[in-house]
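This report refers to the structure that appears directly beneath it.
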Amino acid sequence: MHDIRAIKDDPAAFDAAMVRRGSDVRASNLLAIDEKRVATVKAMNDAQAEQKAASKKIGAAKASGDEAAAQAVMAQVGQLKETVQTLEQQERTLAAKLHDTLLPIPNIIDTDVPEGADENDNTELRRWGTPNEIAEAKDHVDLGEALGMMDFETAAKIAGSRFVILKKDLAKLERAIASFMLNLHTEEFGYEEFLPPVLVSPEAMTGTGQLPKFEDDAFKTTDHRFMTPTAEVTLTNTVRDTLLSEDELPKRMTAWTQCFRAEAGSAGRDTRGMIRMHQFSKVELVSITTPKASDEEHERMTSCAEEVLKRLDLPYRTMLLCAGDTGFSATKTYDIEVWLPAQKQFREISSCSNTRAFQARRMQARYRAEGQKKPDFVHTLNGSGLAVGRTMVAILENYQQPDGSIAVPDVLQPLMGKAKIEA
RNA sequence: GGACAGGUGGCCGAGUGGUCGAAGGCGCUCCCCUGCUAAGGGAGUAGGCGGUUUGUAGCCGUCUCGAGGGUUCGAAUCCCUUCCUGUCCGCCA
């Protein structure tokens, strides 16, 4: 959410930022609402002051036993009360209107983020490893089904499309991948492991920005909760409505959770295989930092995610998303894309974003800087470290053997208890 | 699901209709004292919104004691609704 005072300070900059977003929101409309609100607050405060003063007089008169004087003032105050109530009602309405108008407005993108409309305009920052050229490479669906360990048909019968059942060594591989990632992030990178709920309140979804604009992308339960599309929601909301001290920052959290996405509007895209599912698991990274530390934390987080791929020896490239491809809550996003030999292309496996104070302002997540009197909003960052399902896809396709078996990456062998997956 | 008991400042905790934004403690900040450490003394220390202001200093107004509504001239305190927490019972993995 945006700071109305920041918009007031520089409306032109806000408008320019909205143009980059392709949004038609403009400062003038917001400022008009705020102006009315401010005028109402002033009138309300004045009326309240008057009422308060009168009430004190009554109290004083009663205390001194002057019942007649008390009665006289009480008669006058009656109308004031009505005025105050009317103004209070108006103020609430206007504050709510301003809030509701600000909520669906996307974050302002960093100035160093390149212009562009979609993923075709993203910038490649770096590459690691050499994309494997595998003759007659099979894709992960053919490999998994041939092994008898990946079953889309039965999953569809039970749950519908975009679900999968993994069995035997592939089910175990999912666990092994997740364990490897969690161990790396907790033991080497200082993230604290969480095992959070996957059902959350609308308030939590609003805090991280999924609501109100993207309600259709999430599954909603009959008791008005939401299935979390990512552990970003739960981990980030742990600091909702809190006032942290500076020495508690940065807070680094990680969690392996099932993620649920309705994939509304994605009909026909990636319908084959495990790339785009209604349910998938992901190891998430979330950092809560001071404003001055968030840029550096963003780089650090991205490198933590990259390290996973390095240790799995999977070739990847890191992209800086252009303005048009940057998500609603983010100021700047790095995508990490892993090489898939069967598709002969890089596919997104992680997305690391700095939202700065955007989510913190929605959640009232603040900290008090050392020696500072006023609290300030924290900065929140989130990234995948990594998507487990897509990591499995990458392993199957990159480690496939001519006979259809899958070599197990070195770092996963202790967790799998074997060096090869075969039928 | 049923029955009780609670939700107060960064934290703990007192406060049942009038000057209470709120005792006390802890924590924190500054000062004094103590030749280190520990201890001691004094002062200060909530947030939001608005105004004033060159100003994120100060000052002024106002709101906020889980949330929302009500009673009252006046509510942390009384009433209603709701959410959450604790305990017991039921159910259950």
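So you know, we letter chains A, B, ... as the sequences are listed, proteins then strands, and number each from 1.
For the residue pair N354(A)/S294(A), the side-chain donor-acceptor check at 3.5 Å is satisfied. Using modelled atom types, one finds a donor on one side chain and an acceptor on the other under 3.5 Å when comparing S351(A) with D335(A). Using modelled atom types, one finds no donor on one side chain facing an acceptor on the other under 3.5 Å when comparing T234(A) with N237(A). With hydrogens and angles left out, the side-chain atoms of S245(A) and E248(A) include a donor and acceptor closer than 3.5 Å.
Figure legend. U64(B) is base-paired to A46(B); pairs are counted as Watson-Crick or G-U wobble with both atom distances under 3.5 Å. Using the Watson-Crick or G-U wobble rule with both distances under 3.5 Å, U53(B) pairs with nothing in any strand shown. Base-pair partner of A39(B): not found among the strands shown (Watson-Crick or G-U wobble, both distances under 3.5 Å). In this structure, G17(B) forms no base pair with any nucleotide, since neither Watson-Crick nor G-U wobble geometry is met with both distances under 3.5 Å. Nucleotide C88(B) forms a Watson-Crick or G-U wobble pair with G2(B), both donor-acceptor distances falling under 3.5 Å. Searching all strands for a Watson-Crick or G-U wobble partner of C11(B) with both distances below 3.5 Å returns G25(B). C78(B) is paired with G70(B) under the Watson-Crick or G-U wobble criterion, all donor-acceptor distances under 3.5 Å.
In this entry the distance linking CZ of R225(A) with C1' of C84(B) reads 12 Å, nearest Å. For the pair E248(A) CD and C11(B) P, the computed distance is 11 Å after rounding to whole Å. Rounded to an integer number of Å, the gap from CZ of R366(A) to P of G10(B) is 8 Å. Here the P atom of nucleotide U8(B) and the CG atom of D241(A) are 14 Å apart, to the nearest Å. In this structure, the CG atom of L243(A) is 12 Å from the P atom of A46(B), given to the nearest Å. Whole-Å rounding puts the E203(A) CD to A67(B) P distance at 14 Å. Per the geometry, CG belonging to D376(A) stands 16 Å off C1' belonging to G10(B), to the nearest Å. A straight line from CE of M44(A) to C1' of C49(B) spans 8 Å, rounded to a whole angstrom.
Considering CG of L170(A) and CD of E145(A), their distance stands at 11.0 Å, rounded to 0.5 Å.
When the C1' atom is compared between A46(B) and A23(B), the two are found 16 Å apart, to the nearest whole Å. Distance noted for atom P between G2(B) and G61(B): 49 Å (whole Å). Straight-line distance between the C1' atoms of A22(B) and G47(B): roughly 14 Å, to the nearest whole Å. For the P atoms, the distance from G18(B) to G74(B) is 14 Å, rounded to whole Å. Here the separation of G21(B) from C65(B), taken at their C1' atoms, is 9 Å to the nearest Å. Atom name P, nucleotides U34(B) and G27(B): the rounded distance is 23 Å, in whole Å. For the P atoms, the distance from U52(B) to C33(B) is 45 Å, rounded to whole Å. On the C1' atoms, C11(B) is 22 Å away from A67(B), given to the nearest whole Å.
Annotation for E188(A): atom CD counts as buried by contact number, over 12 foreign heavy atoms lying within 6.0 Å.
Where D34(A) and Q48(A) each meet RNA chain B at their nearest nucleotide, the meeting point lying more 5' is that of D34(A). For the pair E50(A) and P375(A), nearest-nucleotide mapping onto RNA chain B gives the more 5' position to P375(A).
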- prompt: Just by protein heavy atoms under 4.0 Å, how would nucleotides 68-83 of chain B read 5' to 3' in B, S and -?
  reply: -S--BBS---------

Give each protein N/O atom lying under 3.5 Å from an N/O atom of nucleotides 53-61 of chain B, with the pair distance.
unit_1 : atom_1 : unit_2 : atom_2 : d
G61(B) : N2     : N45(A) : ND2    : 2.6

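Proximity note for R37(A) (side chain, C-beta onward) versus G47(B), C49(B), G10(B): the nearest is C49(B).
Contacts of D247(A) classified as salt bridge (charged side-chain N to carboxylate O under 4.0 Å, His left out), with partners at least two apart in sequence or in another chain: none.
Within the 6.0 Å centre-distance limit, the rings of F214(A) and F328(A) are counted as a close aromatic pair.
Using cut-offs of 30° and 60° on the angle between ring planes, the pair F358(A) and H2(A) is perpendicular.
Not one side-chain nitrogen or oxygen of R368(A) sits closer than 4.0 Å to the OP1 or OP2 atom of U45(B).
With respect to K332(A) and D112(A), a salt bridge is recorded, a charged nitrogen being found less than 4.0 Å from a carboxylate O. Salt bridge present: R252(A) and E297(A) bring a charged side-chain N and a carboxylate O closer than 4.0 Å.
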